[in-house]
Amino acid sequence: MTQAATNPALTPDDVLFPGEKPFPMLPAVDHYCGSEKLMKKAMALQADIAAEYGPLAMDITCDCEDGAAAGNEKAHAELCVAMINSSDNQFGRVGARIHDVTHEHWKDDLNILVGGAGNKLPFITLPKPRGIEDVALFLKELRAVEQQHGIARAIPAHVLIETHGALHDVWDIAALDGIESLDFGLMDFVSGHFGAIPGSAMKSPGQFDHPLVRRAKLEIASAALGHGKVPSHNVTTELSDLEYIRRDAERARQEFGYLRMWSIHPVQIRPILDAMSPDFSEVQDAAEIVSAAADADWGPIRHNGKLQDRAAYRYYWTLLKRARSTGVPLPAGIAERFFTA
């Protein structure tokens with residue numbers, strides 16, 4: 001008799017990923033906003049998206065970097081704290097981006113955010129690290145500020161890869177404890193090449209086809225996934241053509257392995273979610289295979305004339321979790337059997 005049979009409390013993660021840190025199941029959309037008006041609108045939209053796709057579909061990032069006017073950094077960080085602590089934040093999925101470590105206010109950002117909302121922050125994003133040293137400095141300061149303010153949990157860190165040095169160190173950065181997501185910063189990456197990469201690479205199809213940009217995207221996704229972190233794709237600049245937005249998200253997901261994508265306008269959210277979601281027919285197959293595997297105590301099974309074993313179960317179980325986080329309907333009985341919350 002298998003361990004799974006003798007201990008029915010074991011979850012599929014316990015059986016299929018024993019001793020491994022669970023892969024983060026983050027919402028497929030990370031929506032950025034910089035002003036109080038846009039933050040409030042984003043949280044109202046988050047509630048609408050939750051009703052349509054489920055409560056795990058959309059994150060919001062309050063932007064202390066590009067959102068704060070020069071000289072107004074403190075007030076803006078305090079605004080972000082107020083938004084995160086407000087009753088409009090129904091799902092606890094409102095994070096923040098701070099200034100980079102060369103900016104004089106970056107430590108103040110951390111102190112204000114963690115001191116004011118440390119128990120509610122789902123993540124803090126660091127922009128423009130020049131290499132692993134900047135990321136390590138940020139993580140050290142974050143842990144110190146958490147301790148200073150009595151925050152018992154380690155707030156997950158998201159790191160923007162948008163400089164030559166960060167791309168060079170991306171595998172080492174991905175290996176650091178405390179990082180949950182690696183995000184690609186396309187615009188700053190292209191700008192950092194001093195005109196060697198044309199401006200057309202800031203939009204499609206160049207952002208996917210230019211060799212230097214393509215290499216960066218693949219390296220970031222590979223490093224993130226290789227270390228159990230979520231790769232998050234850059235924004236699309238298109239604000240009206242929904243099919244264009246959907247195609248950008250679809251290429252990011254299907255060709256480059258990105259599981260999450262930034263949004264900068266409400267119109268972008270649904271096309272991104274639709275493109276990032278698993279196909280329902282594959283979800284149906286996954287449900288049948290995982291259910292049959294559990295019935296067989298996770299031993300090999302035959303499904304539609306093909307052998308399936310634990311290697312396949314790991315894939316299909318992860319797919320079911322991703323379907324749940326993007327609002328794809330699960331077949332009857334699957335949520336009740338395998339998802340407790």
Side-chain angles (χ1 to χ4, degrees), residues 23-35 38-50 52-67 80 83-84 88-98 113 117 120-129 155-162 174 179-189 207 217 220-221 224-225 229-239 245-246 248-253 256-277 322 324-327:
F23 187 81
M25 298 306 298
L26 295 178
V29 172
D30 185 5
H31 182 70
Y32 267 67
C33 43
S35 69
L38 294 179
M39 291 173 196
K40 288 183 175 179
K41 283 188 174 182
M43 284 188 273
L45 179 59
Q46 190 180 44
D48 293 340
I49 292 293
E52 185 175 348
Y53 291 86
L56 303 176
M58 173 186 166
D59 274 347
I60 296 169
T61 297
C62 297
D63 193 2
C64 291
E65 185 192 26
D66 292 341
C80 293
M83 293 295 100
I84 293 164
D88 293 331
N89 181 9
Q90 300 179 47
F91 308 102
R93 296 301 309 179
V94 181
R97 175 169 71 169
I98 65 168
L113 289 165
K120 294 192 70 173
L121 276 166
F123 58 87
I124 293 179
T125 300
L126 173 72
K128 298 181 180 64
I155 300 169
H158 295 188
V159 178
L160 266 160
I161 307 298
E162 50 190 339
I179 292 176
E180 185 176 60
S181 175
L182 294 184
D183 304 2
F184 182 46
L186 173 66
M187 307 305 178
D188 280 288
F189 181 77
Q207 67 156 318
K217 290 191 180 190
I220 292 165
L225 295 168
K229 314 296 166 66
V230 174
S232 185
H233 195 261
N234 56 271
V235 299
T236 177
T237 57
E238 178 58 41
L239 300 180
I245 297 165
R246 188 197 63 78
D248 275 0
E250 186 174 63
R251 289 198 71 179
R253 173 67 192 93
F256 292 80
Y258 283 80
L259 300 175
R260 176 173 164 97
M261 184 168 167
W262 285 22
S263 160
I264 53 172
H265 191 280
V267 76
Q268 297 177 337
I269 293 170
R270 286 179 175 84
I272 293 172
L273 274 171
D274 292 341
M276 289 279 171
S277 301
R322 190 163 60 83
R324 183 169 177 259
S325 73
T326 52

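For Arg260 (side chain) and Pro27 (main-chain N/O), a donor-acceptor pair under 3.5 Å exists by modelled atom type. With hydrogens and angles disregarded, a donor-acceptor distance shorter than 3.5 Å links the side chain of Arg322 to the backbone of Met276. Proximity of a side-chain donor or acceptor of Asn89 to a complementary backbone N or O of Ile84 within less than 3.5 Å is detected. No donor-acceptor pair under 3.5 Å is formed between the side chain of Lys229 and the backbone N or O of Leu182. Ser325 contributes no side-chain N or O that, together with a main-chain N or O of Leu56, makes up a donor-acceptor pair within less than 3.5 Å.
Annotation for Thr236 and Ile264: closest pair O-CD1, 4.0 Å, computed over non-hydrogen atoms. Between Val230 and Ser181 the shortest heavy-atom distance is O-OG, 3.0 Å. What you find for Phe91 and Pro55 is that their closest heavy atoms are CD2-CB, 4.0 Å. Across every non-hydrogen atom of Ile179 and Val159, the tightest pair is CD1-CG2, 3.9 Å. Between Met83 and Cys62, the shortest heavy-atom contact is CB-SG, 4.5 Å. Nearest heavy-atom pair, Gln207 versus Asp248, reported as atom, atom and distance to 0.1 Å: NE2-OD2, 3.4 Å.
Separation of atoms NZ (Lys128) and CD1 (Ile161) is listed at 12.5 Å; rounding is to 0.5 Å. Distance check, rounded to the nearest 0.5 Å: CE of Met58 to CZ of Arg270 gives 9.5 Å. Here the straight-line distance linking atom OH of Tyr32 with atom CE of Met39 works out to 11.5 Å at 0.5 Å rounding. Taken to the nearest 0.5 Å, the CD1 atom of Ile269 stands 9.0 Å off from the CD atom of Gln46. Here the CE atom belonging to Met43 is positioned 5.0 Å from the CG atom belonging to Asp88, to the nearest 0.5 angstrom. Atom CD1 in Ile245 sits 9.0 Å away from atom NE2 in His265 (nearest 0.5 Å).
The shortest distance between side-chain heavy atoms of Leu160 and Phe189 does not fall below 4.5 Å. Side chains of Trp262 and Ile272 form no contact here, defined as non-hydrogen atoms less than 4.5 Å apart. At a threshold of 4.5 Å between non-hydrogen side-chain atoms, the residues His31 and Pro266 count as touching. Side-chain atoms of Pro127 and Asp188, non-hydrogen and from C-beta on, never get closer than 4.5 Å to each other. In this structure the side chain of Leu259 never reaches within 4.5 angstrom of the side chain of Leu26, judged on heavy atoms.
Across Asp66, Asp183, Thr125, a single residue satisfies side-chain hydrogen bond (donor to acceptor under 3.5 Å, both in side chains) together with Arg97, and that is Asp66. Shown are Asp59, Ile49, Leu273, Ile60; of these, the side chain to side chain contact (heavy atoms under 4.5 Å, CB included) with Val29 is made only by Leu273.
Note on ring orientation: taking the six-membered ring where Trp is involved, the planes of His233 and Tyr258 are perpendicular (angle over 60°, cut-offs 30° and 60°).
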Task: Residues Phe184, Met261; criterion side chain to side chain contact (heavy atoms under 4.5 Å, CB included); working and verdict - done: CA-CA 9 Å; Phe184 182 46; Met261 184 168 167; over 6 Å; no
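Partners of Arg251 under the side-chain contact (heavy atoms from CB on, under 4.5 Å) rule, at least two apart in sequence or in another chain, are Pro205, Phe208, Asp209, Arg214, Glu255.
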